[in-house]
Each structure stands twice: as structure tokens, then as C-alpha cells.
There are 2 protein chains.
Amino acid sequence: MIDDKLQIAIETLKKSGVRITPQRHAVLEYLLTSMSHPTADEIYKALEGKFPNMSVATVYNNLRILREIGLVRELTYGDDSSRFDSNMNDHYHIICEDCGKIVDFHYPTLDEIESLAEKVSGFEISHHRMELYGKCHECSKVKVQ
Amino acid sequence: MIDDKLQIAIETLKKSGVRITPQRHAVLEYLLTSMSHPTADEIYKALEGKFPNMSVATVYNNLRILREIGLVRELTYGDDSSRFDSNMNDHYHIICEDCGKIVDFHYPTLDEIESLAEKVSGFEISHHRMELYGKCHECSKVKVQ
DNA sequence: CTCTATGCAAACGGTTTGCACGCGG
DNA sequence: CCGCGTGCAAACCGTTTGCATAGAG
């Protein structure tokens with residue numbers, strides 16, 4: 001399952017003429033395995049056991065390459081670190097304002113809104129993004145009063 | 001019109017016990033007058049004629065205070081600078097991917113989506129944001145082929 | 001063997017902070 | 001005249017870049 005996705009991703013890398021280094025493989029595997037939406041630094045820390053000498057720059061470089069090839073999406077929220085998502089299907093995100101957890105939210109794409117926006121603004125709309133903010137179940141429980 | 005808004009804003013400042021310095025007044029006035037959604041640096045540059053010695057820090061400090069009081073909203077997109085919006089009514093934004101222009105987009109708040117997201121995720125949703133991306137009329141004209 | 005990827009450190013850019021002085025109320 | 005706000009410079013932090021070396025194909 002994950003292995004299938006990994007094999008397909010590696011095929012895509014090969015087709016694009018991108019070398020499969022151990023570090024790159026590890027970053028990719030981590031993104032595909034991880035159910036979270038990790039930051040570059042989280043990936044860096046998660047892999048430092050396996051690659052004690054790997055530099056953050058390598059993580060960033062690989063994330064950029066994976067993004068350019070279309071294997072990974074970069075999620076940018078505010079001033080904080082970018083987060084990376086290997087789920088390339090259209091979906092929205094729900095973000096916990098307390099703990100920062102991000103969960104996927106599947107909902108039909110808001111095409112009508114794009115059409116209306118085109119009409120009223122004169123823009124050629126290419127895509128949109130939406131995030132919902134709130135408190136996750138765990139964080140809601142914490143401060144009861 | 002703008003003057004009314006400015007007067008109301010200044011009242012809010014006074015009520016909050018925030019001093020009205022010339023620099024703060026100027027930042028506030030610029031935000032209310034500006035139809036764009038300026039960055040801190042744009043505000044800084046726009047006012048350096050009137051305040052040649054003003055520092056960026058002062059702009060940032062004042063923007064933070066205005067935000068905390070609820071007179072201004074901070075728009076954070078990706079890694080770029082934050083932009084500031086004195087229109088506190090609920091609205092969405094349409095952003096030109098070429099020139100960066102931001103225009104307001106009024107559309108009924110997507111309450112049903114918030115409700116559904118609460119149900120499927122178990123989060124307590126407090127709000128959401130949405131931006132539409134595309135090319136504005138001017139930028140569409142430029143590269144025809 | 002070639003050329004890309006890596007590791008390291010320095011650079012970068014937006015934003016924040018510490019501190020002494022200035023000025024609003 | 002008290003204390004917040006300002007200006008200045010340094011600090012910060014995520015990210016990028018330059019460069020010499022290592023290693024994938």
C-alpha cells in the first residue's frame with residue numbers, strides 16, 4: 001500500500017532523471033508513511049537517527065525537488081514553518097489552533113465559487129485553498145472551565 | 001467616509017488606553033485609506049516622506065497593536081510578507097499569481113462547510129479562510145500566447 | 001567517469017527584541 | 001512627570017545559497 005505509492009513515486013523520480021539517493025529516498029518514504037503533515041525540521045529530526053550527518057539543506061533541497069516533480073505539496077500557513085503533504089488529491093485541511101494538528105477534510109471542490117469569483121472579479125481563477133480552524137477533540141477536553 | 005472610520009478607530013484606540021502618536025495615526029490612516037492590502041514594508045516606505053526617521057519596528061509594533069485591538073487583520077500567505085487589511089467584515093480574497101494584487105470577494109460565509117467539518121472531524125471549528133488564486137485582467141492580457 | 005547531491009557554513013529577509021531617550025496625556 | 005512609544009541595532013528563525021567533496025548511475 002505505502003510500498004506501492006513509494007514504488008510509483010520512485011518511478012516518477014527516475015522518469016524525471018532525478019537520482020535516488022538514500023537521503024532522498026528516506027525523505028520521500030517518511031512523507032508517504034507519515035500521517036501527519038510534517039515541517040522540514042520535523043523530517044530532519046525524524047531522520048537524524050538514520051542519517052546523523054544529513055544537513056537541513058538536504059531536506060529542503062529534496063522537498064523542493066519533490067514539490068517540483070509534483071510528488072509533494074507545500075502548505076504554507078502564516079509565519080510558521082511550511083508543512084509538507086504527500087497526499088496530492090484535492091482536499092482541504094482542518095487545523096487545531098492549540099496543538100497545530102492538521103487533519104484532511106474531503107469535500108466536493110467549490111467550483112461554483114470559482115466561477116462566481118471569475119465573473120465578479122475578471123480574474124482567470126486557477127485554484128483556491130481553504131482551511132478550517134478550531135480545537136481538536138483532545139484540546140477541547142483539556143481546559144473545561 | 002474614511003474620516004468617519006478614522007474617528008471611530010481613534011475612539012477605539014482611546015478606549016483601549018492606547019496613545020495616539022503621529023506615527024500610529026499615520027499607519028492607521030494609511031490602512032483605512034489604502035484600497036490595497038499593504039505589507040509592513042509598503043506602509044513604511046509610503047510614510048517615510050512624512051516620517052523620515054520612523055523605523056520599521058515602529059510600523060510592526062503599531063500593526064501588532066492595531067491587530068490586537070481588532071482594527072486590522074493580518075493576512076499571511078506563504079513565505080512572503082504579511083499583508084494588512086483594515087476591512088474587518090467577513091470576506092474572502094482573490095490573489096493574482098503574477099502581480100500579487102489582492103481584491104476582496106464577498107460571498108456568503110460557508111457555514112454549512114463548517115458544520116460538516118465539525119461532524120466529520122470532531123473539531124470545534126471557530127472560523128475558516130479561503131483564497132482564490134488566478135490571473136487578474138491586466139496580467140491575463142500581457143502574455144497572449 | 002560524469003555530473004548531480006550532499007554537508008557545511010554563511011547569507012538572506014521578514015519580523016522581533018532590548019534598551020535608552022523622547023514625548024503623549 | 002509618569003510611563004508608553006520610538007528609533008536604532010542586534011538578534012532571531014526558517015529557508016536559501018555557494019562551494020568543495022562524495023557518490024549515484
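Chain letters run A, B, ... following the sequence lines, proteins first and then strands; every chain starts at 1.
- Summarising the geometry of B:Asp41 relative to B:Lys45, their closest heavy-atom pair is OD2-NZ, 2.6 Å, with the distance given to 0.1 Å.
- The two residues B:Ser34 and B:Ser36 make their nearest non-hydrogen contact at OG-OG, 2.8 Å.
- Of the residues in residues 33-45 of chain A, none lies under 4.0 Å from DNA chain D by heavy-atom distance.
- Taking atom CG of A:Asn61 as the reference point, atom P of D:dT15 lies 13 Å away to the nearest angstrom.
- The distance from the CE atom of B:Met35 to the OG atom of B:Ser86 is 7.0 Å, given to the nearest 0.5 Å.
- Rounding to whole angstrom units, CG of residue A:Asn62 and C1' of D:dT16 are separated by 14 Å.
- Protein chain B contacts DNA chain C from C:dG14 to C:dG25, reading 5' to 3' and using non-hydrogen atoms of the protein with a distance under 4.0 Å.
- Terminal axes of the helix from C:dC1-D:dG25 to C:dG25-D:dC1 (five pairs each, C1' rotation axis) are separated by 40°, to the nearest 10°.
- Ring geometry for B:His93 versus B:His37: interplanar angle over 60°, hence perpendicular rather than tilted (30 to 60°).
- Under the 3.5 Å distance criterion, the side-chain polar atoms of B:Arg83 are left unmatched by any main-chain donor or acceptor of B:Leu75.
- At most 12 heavy atoms of other shown residues, nucleotides or ligands fall within 6.0 angstrom of atom NE2 in B:His137.
- Each of B:Ile113, B:Thr109, B:Leu110 was scored for a side-chain contact (heavy atoms from CB on, under 4.5 Å) with B:Met130, with one residue passing: B:Leu110.
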Atom pairs under 3.5 Å, N or O on each side, protein against nucleotides 11-14 of chain D: can you list them with distances?
none

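- Scanning both residues, A:Phe105 and A:Leu132, for their nearest heavy atoms gives CD2-CD1, 3.6 Å.
- Interatomic distance, CG of A:Leu13 versus CG of A:Leu71, reported as 5.5 Å (0.5 Å rounding).
- Spacing between atom CG of B:Leu66 and atom P of D:dG5 amounts to 11 Å, rounded to whole angstrom units.
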Sequence-aligned protein contact record of nucleotides 19-25 of chain D, with B where the base is within under 4.0 Å of a protein heavy atom and S where only the sugar-phosphate is: ----BBS
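- Considering all non-hydrogen atoms of both residues, A:Ala40 and A:Val59 come closest at O-CG1, 3.6 Å.
- The shortest non-hydrogen separation linking A:Glu124 to B:Ser140 is OE2-OG, 3.2 Å.
- Residue B:His128 holds its NE2 atom at 12.0 Å from CD1 of A:Ile94, rounded to the nearest 0.5 Å.
- Summarising the local packing, NZ of B:Lys5 is surrounded by 12 or fewer heavy atoms from other residues, nucleotides or ligands at distances under 6.0 Å.
- Side-chain atoms of B:Ser16 never come within 3.5 Å of backbone atoms of B:Val18 as a donor-acceptor pair (strictly under, hydrogens ignored).
- Between the CZ atom of B:Phe51 and the P atom of D:dT6 there is a distance of 10 Å, given to the nearest Å.
- The two residues A:Cys136 and A:Cys96 come nearest to each other via the heavy atoms N-SG, 3.4 Å.
- Close to D:dC4, at under 4.0 Å from its OP1 or OP2, lies no side-chain N or O of B:Arg24.
- Going from atom CG of B:Leu63 over to atom P of D:dT6 covers 11 Å, rounded to whole Å.
- Taking atom CD of A:Glu68 as the reference point, atom P of D:dT16 lies 11 Å away to the nearest angstrom.
- A search for salt bridge (charged side-chain N to carboxylate O under 4.0 Å, His left out) contacts involving B:Glu131 returns A:Arg129, B:Arg129, not counting sequence neighbours.
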